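In what follows, chains are A, B, ... by sequence order, proteins preceding strands, each numbered from 1. Bear in mind that the values here come from a model prediction, so they are computed numbers and not experimental data.
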Amino acid sequence: QQQVKQSPQSLIVQKGGISIINCAYENTAFDYFPWYQQFPGKGPALLIAIRPDVSEKKEGRFTISFNKSAKQFSLHIMDSQPGDSATYFCAASIRGSARQLTFGSGTQLTVLP
Amino acid sequence: GAVVSQHPSWVICKSGTSVKIECRSLDFQATTMFWYRQFPKQSLMLMATSNEGSKATYEQGVEKDKFLINHASLTLSTLTVTSAHPEDSSFYICSATSRRTFYEQYFGPGTRLTVT
């Protein structure tokens, strides 16, 4: 019940295309859903996050879509660039749990020039 | 803002020795600090959660006598890998939550540990 399932495991997109990564969860107590970007040999960096009281959040080329009834959320990267090539992790946390993050398994994104 | 540093960034040690990794929040006071372990091409695995001045809470399966965590202040936590063995070789990452933005977890750059 604490799992966050992420797909796809890897994704190859042409430059300028849209990258879409999906996550699903079971625990309805999750109330914070961040996405992290990680480059090889580096720590994850917070990209964008959403709370379940909104269905969409956009920051620049990055958009989170959130479907509370389906218990799913996704990351959309518009106009994907080679510099976006990295591993992306979705995560979720619960209020009162010291905000421990439950991570998805990660998606390795490659954007071809 | 919200910068977390780790030191060292990489370390090589011999089997049987101990290694200490520092995690600092540079421009904020951390409510809580977390330690993760990450194997190549895998997700982050939470090892322990620590609050300043109290004992760390370890995740199931993590040996607390092997991975000693000390949260000395609101800006510093240390992870000591005692009697390291080759299977302890991994990428160790810390993170911290800010008192100001309780939800967001800020990650350090990671420490690559290689035990020979």
S.K.: Which bit of A/Leu101 is near chain B, if near means a heavy-atom gap under 4.5 Å: side chain, backbone, both or neither?
M.R.: both

S.K.: Name, in order of residue number, those residues of residues 59-90 of chain A that have a heavy atom at a distance of less than 4.5 Å from a heavy atom in chain B; otherwise write 'none'.
M.R.: A/Phe89

S.K.: Could you tell me whether a side-chain N or O of B/Ser43 sits under 3.5 Å from a main-chain N or O of A/Gly104, the two making a donor and an acceptor?
M.R.: yes

S.K.: Does B/Glu22 come within less than 4.0 Å of B/Lys20, counting only side-chain N to carboxylate O?
M.R.: no

S.K.: Determine the option with the most heavy-atom pairs under 4.5 angstrom with chain B, choosing from A/Ser105, A/Gly43, A/Pro44.
M.R.: A/Pro44

S.K.: With only heavy atoms counted, which part of A/Gln9 is less than 4.5 Å from chain B, the side chain, the backbone, both or neither?
M.R.: neither

S.K.: Would you tell me whether B/Gln6 and B/Thr111 have side-chain atoms, one donor and one acceptor, within less than 3.5 Å of each other?
M.R.: yes

S.K.: Listed by chain and number, what are the side chain to side chain donor-acceptor pair (under 3.5 Å) partners of B/Arg112, not counting sequence neighbours?
M.R.: none

S.K.: Kindly give the cluster partners of A/Ile12, where membership spreads through any ILVMFWY side chain lying under 4.5 Å from a current member.
M.R.: A/Leu112

S.K.: Listed by chain and number, what are the side chain to side chain donor-acceptor pair (under 3.5 Å) partners of A/Asp31, not counting sequence neighbours?
M.R.: A/Arg99

S.K.: Determine the interplanar angle of the B/Phe107 and A/Tyr36 rings, folded into 0 to 90°, and report it as parallel if under 30°, tilted if 30 to 60°, perpendicular if over 60°.
M.R.: perpendicular

S.K.: Which class fits the ring pair A/Phe30 and A/Phe33: parallel under 30°, tilted 30 to 60°, perpendicular over 60°?
M.R.: perpendicular

S.K.: What part of A/Gln6 lies closer than 4.5 angstrom to a heavy atom of chain B: side chain, backbone, both or neither?
M.R.: neither

